[in-house]
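Both counts, for ligands and for their atoms, begin at 1 and track the order of listing. Being a predicted model, the structure only gives us computed values, none of them experimental.
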Amino acid sequence: MPLQIVTIPCLADNYAYLLHDADTGDTSLVDAPQAAPVLEALRDRDWQLGHVLLTHHHWDHVDALPEILAAHPGARVVGAAADAHRLPPLDTPVAEGDTVTIGREAGKVIDVSGHTVGHIAFHFPESKLAFTADSLMALGCGRLFEGTPEQMWNSLSKLAALPDDTLICSGHEYTANNARFARTVDPDNAALADRAAQVDAARAAGQATVPSRLSEELATNPFLRAGDPDLQAAIGMDGADPVAVFAELRRRKDAF
Ligand code: ZN
Ligand code: FE
């Protein structure tokens, strides 16, 4: 049985996720933005946390950890070994290629540095889930606070190479704004126009726009399309190196 996920809106626009293996009862939390909604989601289902998987050190992904652990003292904390000095205390420091087992499914750690250097993602291939937080986001990607455009492009390229039907579980509800920006750099993309309309409808109905399918991101997310001739032409960078195109897209988004 694939792992179940529960998407938990936290704070103004963050998401945490529960990952649950119905066969063994094992449950994990991905990121800890806010305790109350996470603890309530666990209580409602009578689930106990086995692990907390941390994607990166920013406060809006880790600050609620002590309060969550107080209610789930058996949970083991997993995070990037490279960032152990600025993450909460880790029980299991991990690096790219390491495995995190939830119930009976082994997830792989992927280094997705760029937003921060040390940001990791967790990929569960059997369940077709990737927890990408502030690296690949729905119609966008995280701002480059620490990494270079080349680092983020490499990170996004690793995620883009996962199977097309992978669900991308990202860290924020930024999709409507991302869609408005995307249309400015990829104006003739019909799939993007359709998706932007769906995103607006979902938000108007109070629904989350995450997780999203990798296949839709590949077709519509400008930050994955930096090598696409149509997008390059639309921003006057025909034939340019995708890293340079990515850097220009990120620069424009920062000023959007
Ligand atoms: Zn962040
Ligand atoms: Fe964040």
How about Phe145 and His58: are their ring centroids closer than 6.0 Å?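 For Phe145 and His58, the ring centres are under 6.0 Å apart.
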His61 near the Fe ion (ligand 2) via N/O/S, less than 2.8 Å: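 Yes - counting backbone and side chain alike, His61 has an N, O or S atom under 2.8 Å.
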Look at the N, O or S atoms of His58, main chain and side chain alike, and state whether any lies under 2.8 Å from the Fe ion (ligand 2).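 So His58 does not count as coordinating the Fe ion (ligand 2).
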Check: Thr24/Asp26 side-chain N/O donor and acceptor closer than 3.5 Å: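 Looking only at side-chain atoms, Asp26 and Thr24 do not form any donor-acceptor pair under 3.5 Å.
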Minimum-distance N/O/S atom that Asp134 presents toward the Fe ion (ligand 2):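 Looking at Asp134, the N, O or S atom with the least distance to the Fe ion (ligand 2) is OD2.
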In Asp60, which N, O or S atom comes closest to the Fe ion (ligand 2)?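 When I compare the N, O and S atoms of Asp60, OD2 is nearest to the Fe ion (ligand 2).
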Quick check: do Phe246 and Cys141 have side-chain heavy atoms less than 4.5 Å from each other?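 Phe246 reaches Cys141 side chain to side chain.
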Kindly indicate whether the side chain of Thr116, heavy atoms from C-beta on, has any atom under 4.5 Å from the side chain of Arg86.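 Sidechains of Arg86 and Thr116: in contact.
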Kindly assign one of parallel, tilted or perpendicular to the pair Tyr15 and Tyr17, based on the angle between their ring planes and the thresholds 30° and 60°.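 Ring orientation, 0 to 90° scale: tilted.
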Mind checking whether His115 and His119 have parallel, tilted or perpendicular rings, split at 30° and 60°?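 Aromatic pair His115/His119 classed perpendicular.
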If you leave out waters, which protein N, O or S atoms are less than 2.8 Å from the Zn ion (ligand 1)?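 N, O, S partners closer than 2.8 Å: His56 NE2, His58 ND1, His115 NE2, Asp134 OD2.
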Has the side chain of Glu217 got a donor or acceptor atom that lies under 3.5 Å from a matching backbone atom of Leu139?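 Checked: pair present.
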Checking the side chain of Gln34 only, and the main-chain atoms of Leu11 only, is there a donor and an acceptor separated by less than 3.5 Å?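 Flag set: sc Gln34 to bb Leu11 pair under 3.5 Å.
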